Structures are given as C-alpha cells and as structure tokens.
Amino acid sequence: MIFKRELKRNLKSLIIWSVVLSGLILLTLSIYPQFAEQQNEMNKLLESYPEPIKKVFGMNELNLGELMGFYGVEIYMMTTLLGSIYSAILASNILAKEENEKTIEFLLSKPVGRSRIVTEKLLAVFVNILILNGVSTITSIIGFQFADDPDVPTDTFSLLTVATILLHLTFGAIAFMLSSMLKKTRSIMSVSLGIVLAAYFMNVMAGISEDLEVLKYFSPFKYVDAAQIINDNKLEPLYMFIMAAVIFISVITSYMVYRKKDIAV
C-alpha cells in the first residue's frame, strides 16, 4: 500500500527528471559526429584550457574524439551530478513529509509498523532511482546511434552504469537517513543537497589543486571517476566497498532512529 502510494506520488517528478535528463543526453550525443569530424580543431582548443580544468573533467586522460571518451567527459558528468541531486531530493522528503503534512497519524492508525513504513518508502526510493538510471541508460544507447561507429565496449559502459547507480544510491541512502532523523522537509532537503554539492565541489577542488588532493577521498564522485573506469576498465574495489558501507550504515541507522523517534502527530 505505502510502496504503491509513493510510486504514484513521485511519478510526476520522476517523469520530469527522466525527460530532462534524456533530452540533455540526446542533445549532447547528437553533436558528437561534428565534434569527431573536427577533432584536430577541437584538440587545439582543448590545449588552451588550463591543465587543472582538464584534469577535473578527465580531458587529460580521455580522448574526446572517441565515443566513450566523449561520453565520459560530456554525458557522465550530467548523469552522475543530476541523478545525485534527484536522489537527494526524493529521499529527503519521503519520510519526514508524513509529519509535515499531518498524515502520519492516519498512517500509524493502520495495522502498519514503523519498520514496514521505512521498508516500503526505502524501496520506493531505490525503485525510482533504478528507473531513472534505466531511462538514462536506454537513452544513451539510443544516442550512440548518432555516431558513425555506434559500437561501444559493453563491459566499459556497463561499469559506468553500475558506478552511476551506486553513486545515486549512496546519496539517496544518506538523504533517507536524514529524513528519518529530522522533521522539517526544507531543512532535510537543504542539508541533503548541500552534501551532494559539497562532495562535487571537493572533487573539483581536488582536481584543481594538488594541495587539496586529499579531498577526493571524501567525495563519492571521485570514487566513480569516468577516466579511471574507462582507462582501467574496472571499478576500484575499495571505493565500491566504501559506498556500499555508507548505504548499509545509512539504511540501518534509518531503521534504528525511526523506530524510536518521537513522532509529532
């Protein structure tokens, strides 16, 4: 009951985010053929970019004249950042809004325990995130057809997809945990978005300055770096373990806190 209701309540936002993200992916991939044809001119232009900027976006390690290199620099950044923002917004509202909208009393009057509420809402978050990633993945495959040679390394593309999903689940789980702790949805959303943007900013700063390189270890965005995945054709086990651990701890904490939470009705 709760799971289905949450899917319906969040369907509109899911459609909007899916359409916007798909449009950006298709629009960007549609310019790849022209980009590849003018590769020499574009390489000269990129050489004028400051080295730190090229390092941040992987331009120093990926070839923009190749489809996967172009995808890693231009598309992957959008799917990871925008998807993380969507995940944070979705998860930060899903528990606390029951108290804000004064519907929690009605919900608890039903033969439904708090653990079940957490479980079904958490499942709704994960399903929405998986759907958004499924849409962006299918859209990317369609967009690849714009290229003269649309064949892409399936294993590499699959690794990028898995990394993106894991990143979104990480931020979604953190925001969900905050939603179980706090009561005001605006505060939760602000903190959740702040965490996403701070993590992205730390990744950027780590790339710009060698003195701040230590910041990359605190940013999940660095854990799913496109250049490293494409060049090594693998996911770093340590980084994947850290994100999985964050998800697990966040989920367990959500259950523990919400069971004992003094809920305002």
Side-chain angles (χ1 to χ4, degrees), residues 13-36 42 46 49 53-91 128-147 150 152-153 156-172 175 192-208 216 219-231 235 243:
S13 63
L14 175 62
I15 292 174
I16 292 174
W17 277 89
S18 297
V19 170
V20 171
L21 187 57
S22 297
L24 290 172
I25 291 172
L26 290 176
L27 179 64
T28 307
L29 283 174
S30 67
I31 68 174
Y32 170 72
Q34 291 78 19
F35 196 97
M42 294 306 301
L46 292 175
Y49 280 35
I53 298 298
K54 291 192 287 184
K55 184 179 178 181
V56 167
F57 298 104
M59 297 177 184
N60 61 328
E61 298 183 56
L62 295 174
N63 184 0
L64 288 169
E66 296 178 356
L67 184 54
M68 284 310 299
F70 183 85
Y71 180 87
V73 173
E74 301 292 342
I75 308 297
Y76 190 72
M77 180 190 68
M78 289 192 301
T79 57
T80 51
L81 180 58
L82 294 181
S84 295
I85 292 174
Y86 167 77
S87 301
I89 293 174
L90 171 68
N128 275 276
I129 291 174
L130 291 176
I131 291 174
L132 180 70
N133 277 273
V135 171
S136 64
T137 299
I138 293 172
T139 304
S140 297
I141 294 173
I142 295 173
F144 289 152
Q145 306 311 309
F146 289 116
V152 298
T156 303
F157 181 66
S158 297
L159 290 174
L160 290 173
T161 301
V162 170
T164 304
I165 293 174
L166 196 53
L167 178 70
H168 295 167
L169 291 177
T170 299
F171 285 115
S192 299
L193 289 177
I195 291 173
V196 173
L197 296 178
Y200 184 76
F201 181 72
M202 284 191 289
N203 182 45
V204 171
M205 293 304 297
I208 292 177
K216 70 181 182 181
S219 174
F221 285 100
K222 187 61 182 179
Y223 299 169
V224 295
D225 182 65
Q228 183 177 358
I229 295 174
I230 293 173
N231 291 330
L235 298 173
M243 287 194 288

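The figures that follow rest on heavy atoms only: side chains count, while hydrogens, waters and symmetry mates do not. The shown structure was predicted, so the numbers you read here are calculated from the model rather than taken from an experiment.
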**Message:** Just verifying a value: how many Å separate I75 CD1 and T80 OG1, rounded to the nearest 0.5 Å?
**Reply:** 11.0 Å
**Message:** For the OG atom of S87 and the CG atom of L82, what is their distance to the nearest 0.5 Å?
**Reply:** 10.5 Å
**Fill in**
Taken in chain and number order and not counting sequence neighbours, the residues that satisfy side chain to side chain contact (heavy atoms under 4.5 Å, CB included) with L130 are I165
**Request:** Search all heavy atoms of L160 against all heavy atoms of A226 and return the closest pair with its distance.
**Result:** CD2-CA, 4.2 Å
**Beyond-backbone contact of W17 with V135, side-chain heavy atoms, under 4.5 angstrom** = no
**Fill in**
For P220 and A199 the tightest heavy-atom approach is CD-CB, 3.9 Å
**Message:** Would you say that Y76 contacts T79 through its side chain, given a criterion of any heavy-atom pair below 4.5 Å between the two side chains?
**Reply:** yes
**Item:** For F146 against L29, the heavy-atom pair lying closest together
**Value:** CB-O, 3.8 Å
**Prompt:** Are the ring centres of Y71 and Y32 closer than 6.0 Å?
**Reply:** no
**Validation row: T161, N133 side chains within 4.5 angstrom (heavy atoms)** = no
**Prompt:** Can you tell me how far the CD1 atom of I25 sits from the CD atom of E74, to the nearest 0.5 Å?
**Reply:** 12.5 Å
**Prompt:** For the residue pair L132 and G83, what are the closest heavy atoms and their distance?
**Reply:** CD2-CA, 4.2 Å
**Asked** Do the two ring centres, one from F201 and one from F221, sit under 6.0 Å apart?
**Response** no
**Distance in Å, S219 OG paired with M205 CE, rounded so as to fall on 0.5 Å steps** = 12.5 Å
**T28 side chain near F70 side chain, heavy-atom distance below 4.5 Å** = yes
**Item:** Min side-chain heavy-atom separation L167-Y223 under 4.5 Å
**Value:** no
**Request:** Give a yes or no on whether the backbone of V224 and the side-chain of Q228 come within a donor-acceptor separation of less than 3.5 Å.
**Result:** no
**Fill in**
Of L235, L169, L166, the one forming a side-chain contact (heavy atoms from CB on, under 4.5 Å) with M243 is L166
**Asked** Which of these passes side-chain contact (heavy atoms from CB on, under 4.5 Å) with I230: V73, L159, T156?
**Response** T156
**M68 CE to I229 CD1 distance, which is reported to the nearest 0.5 Å** = 9.5 Å
**Request:** Specify the closest pair of heavy atoms between L14 and Y86, including all atoms of both residues, with the distance to one decimal.
**Result:** CD1-OH, 3.5 Å
**Request:** State, yes or no, whether a side-chain contact exists between S84 and Y200 at a heavy-atom distance under 4.5 Å.
**Result:** no
**Prompt:** S22 side chain to V19 main-chain N or O, any donor-acceptor pair under 3.5 Å?
**Reply:** no
